There are 2 protein chains.
Amino acid sequence: MPVTLRDIADRANVTTATVSMVINNKPNISDETRQRVMTIARELNYYPNSIARSLAISKSNSVGVIVPNLASSYVVRILQGIKSTNRDIEYTVQLFDTIGQKESEAQLFQRLARERRIDGAILVDPVCSEDEMRVFKDEMVPCVVVARRTTFLDTVFVDNLEAARSATQYLLGKNHRDIACVICRKTNLPWEDRVEGYRYALTDSGIQANDDYLISVPDDGMHDGEIAWTRIASMKRRPTAVFVPAGDMVAIGLMKAAKRAGLRIPQDIAVVGFDDLPAAEVIEPALTTVRQPKLEMGDTAIGMVIDKIEKRSPGVTSVELQTKLIVRESA
Amino acid sequence: MPVTLRDIADRANVTTATVSMVINNKPNISDETRQRVMTIARELNYYPNSIARSLAISKSNSVGVIVPNLASSYVVRILQGIKSTNRDIEYTVQLFDTIGQKESEAQLFQRLARERRIDGAILVDPVCSEDEMRVFKDEMVPCVVVARRTTFLDTVFVDNLEAARSATQYLLGKNHRDIACVICRKTNLPWEDRVEGYRYALTDSGIQANDDYLISVPDDGMHDGEIAWTRIASMKRRPTAVFVPAGDMVAIGLMKAAKRAGLRIPQDIAVVGFDDLPAAEVIEPALTTVRQPKLEMGDTAIGMVIDKIEKRSPGVTSVELQTKLIVRESA
DNA sequence: TTGTAGGCGTTATCAT
DNA sequence: ATGATAACGCCTACAA
């Protein structure tokens, strides 16, 4: 039913080879033939069958984007970054969410690659183990990892250590000396780098990091902020400031709890978050927080895969993007 | 380089036809052969080339999801719904964002369909005209529209009129009689239905709708809420309640402005939003708002396309989902 | 139960 | 400049 090269070829009294060359703007076609074929193609409303084309040229023209959980606003933001530059690019984005799947990210990637569904992949904030990730290296299709540091794969990530250090320094600059730190040890969060940055900042200022001030919460929701607050409220020497690398929602939960307890923010207790979610502007006082360049991360990631796909550019490249402390009112 | 049916066939001393049948679990194959072939396939680490398969069976096994703007949290939520049930389904999701594109949604859809890239499509919250949408009807691939009402296409939408009516009724039940309504006329927002619902509720209670109370703002951000507030603040007879079908961010902006002006919420002015964004829980007092079943919408939509693709259901079906008023503190 | 042969719609390598 | 023809890798009658 759909019109094919053959239909055009027949009507134009040429072969499919010629039509194909015309459609793809190849040289060495007489102007006359070119015109005739194009006219007929238009008349017949011809669209090339992309699957047949893919089979012939062994290229799917699509890249897989594998995310751990589409419910995370962080992930979505990166996805936006990917899509925004992908606009004018001739690669289709195939989206995969691995949450609750039997297949691990590594297995999924491997399958997609071997089934020739994708020419490349972007792995956002993967939760799988380092060992599992080694399979990526051996596949024939390039893969770039976003928001997680790896040595053997192309990566775009953020300098979490430096981000945490400067956030902490900001607090120190406000003359806070008792600064708590609320983290969440979920596997895909780079909490280690952030804690390290926090510690460095303290050390640099000649302050001995107090392990009691390091609070770990199970998840990264508002409720976890309340948990953190009860921990803080019960301390013998209560910190005057809290840095919350666990994320803005935790910071917000903490602020709400503190306010409910009668504290004023930032006078009685200052708080700095991490992420810069939309909600950071909604809470009162507005949350001072570390903004990650998520759009840019997605953006550079898609650029990198496409480069790899097309130029076969060798070696592994890592791009480190900088964060920015967004100063509002909570500190 | 990659292993094909032929490789397996050779090693197993059968033909590719036999191998194909084994791989696809077709009947009428001796157990012995089946075992032998499977073993070899596993040894060689065989993965079927999905593109070749698609070409052979004329089926791409993927559905296109076309969204107007991935930056909208509303859209993202629906996307989550689509992905969540799509989990165990053998259709791949290809994601397209039309914002800033030269191609209209209709053109994009048409192209994808004709190029045989997709077996079906979901059109989320389309901004294109009714006329343009007629294109969808004539393509050979099914398409379901989400979050917008159409008569000639499969649709899953929400009863905006009823949602607005019951939100307004809730306010009336709290003895408010002067109720303003803040809308945003962006094309893809069903503001007309919502205004109608608002009016019905008033009329039902024997109240004459006051056109001065109908406020239109240019966009749906926090800033627009401030605009709305200045309008309200300047009214000779100030409403005691505001219903904000323009969305939660507008409602939040309005609340902030009102609080800054010294008003207490809900005592001096009550506000009810629309959408139930995460931020609705963050603002203080927490926002009472209309929750749309966005996950369910995505969920139903993907189910519908797949049904259509697999021909389980003829005709055009419309599914109407119900909203829910989430009562918090702002009213 | 298995093999033969043709087709799915393009692209690409030869000749001519 | 164009035509034959063989891939690309898989599926599916139909034949044996």
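Nothing here was measured: the structure is a model prediction, and the numbers come from that model.
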Donor-acceptor contact below 3.5 Å, side chain Arg36(B) vs main chain Ala12(B): yes

Quiz item: cation-pi between Arg134(A) and Phe152(A), 6.0 Å / 45°: yes

Between CZ on residue Phe96(B) and CD on residue Glu105(B), distance to nearest 0.5 Å: 13.0 Å

Under-4.0 Å side-chain N/O to phosphate OP1/OP2 contact, Thr15(A) with dA4(D): no

Identified salt bridge (Lys or Arg N to Asp or Glu O under 4.0 Å) counterpart of Glu139(A) within the set Arg116(A), Lys308(A), Arg114(A): Arg114(A)

Close side-chain approach of Tyr74(A) and Lys294(A), heavy atoms under 4.5 Å: yes

What nitrogen or oxygen pairs link the protein and nucleotides 5-9 of chain C at under 3.5 Å?
none

Interatomic distance, Asn13(A) CG vs dG3(D) P [rounded to whole Å]: 9 Å

Nucleotide dT10(C), atom C1' - distance to CZ of Arg116(B) in whole Å: 14 Å

Nucleic acid contacts - residues 21-34 of chain A versus DNA chain D, non-hydrogen atoms under 4.0 Å: Asn28(A), Ile29(A), Ser30(A), Thr33(A)

Between C1' of dT11(C) and CZ of Arg6(A), the distance in whole Å: 14 Å

Minimum side-chain heavy-atom gap Leu95(B)-Leu79(B) below 4.5 Å: yes

Nearest-0.5 Å distance, CD1 of residue Ile29(B) to CG of residue Asn24(B): 10.5 Å

Salt bridge (charged side-chain N to carboxylate O under 4.0 Å, His left out) contacts in which one or both residues fall within residues 42-56 of chain B, not counting sequence neighbours: none

